[in-house]
Amino acid sequence: MRPLLLLDFDGPLNPHRADGIPPGYERHEITEGAKTWRLLLNQQHGVQLNALANTFDLVWASSWEHGANRLLGPLLGLPELPTITWPDRRPVRKGSWKTPYIAEWVGDRPFVWVDDEADETEFTGDHQLVYPVDARIGLTATDFAAIQSWADDKSFVDKGSRTDT
Ligand SMILES: [Mg+2]
């Protein structure tokens, strides 16, 4: 079974708490309707994520929901990805508000969840990895290598495309 890579956007791919513009990033301003957002994007992220897609099935797990495919993915050269949505955000007693939705969405599939607001202890199964990212820094080359080596250590077989559903 191919593992999932669940991607938060703000924080890991848009280090919105950075001081200024960190090396490798560019400021982008995107507009839709009356809304405008200012983002920091790193083109290397697109390259690295497309490389991880040889091992993982990439999934948006961002409060941008479908806006991630519409507005953000194309800026990084990412294809359209499955998207977790968060209807009627449920209150949680502890941890991230995303946790119950993620638990439901992933079922028994192995996954890495990359997020700046998740706590490592939210999922502790052998085939589950919560990967916290600092929103001042965003994902780094070291992080991408660590995510790949997690999958390598678990010996997930690359089937190229999923045929088991
Ligand atoms: Mg975030």
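Read the numbers this way: they start at 1 and go in the same order the structure lists the ligands and their atoms. Note: hydrogens, waters and symmetry copies are ignored here, and every other heavy atom, side chains too, is used.
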With Leu72, the side-chain contact (heavy atoms from CB on, under 4.5 Å) member among Ile30, Asn14, Leu78: Ile30
Counting backbone and side chain alike, does Asp10 bring an N/O/S atom below 2.8 Å of the Mg ion (ligand 1)? yes
Looking at the Mg ion (ligand 1), which N/O/S atom of Asp116 is the nearest one? OD1
With a 4.5 Å limit on heavy-atom distance, are the side chains of Leu5 and Thr55 in contact? no
Is there a side chain to side chain donor-acceptor pair (under 3.5 Å) between Ser149 and Asp152 once you walk through the steps? CA-CA 5 Å; Ser149 78; Asp152 294 345; over 6 Å; no
N/O/S from Asp8 sitting under 2.8 Å away from the Mg ion (ligand 1): yes
Exceeds 12 heavy-atom contacts within 6.0 angstrom, atom CZ of Arg70: yes
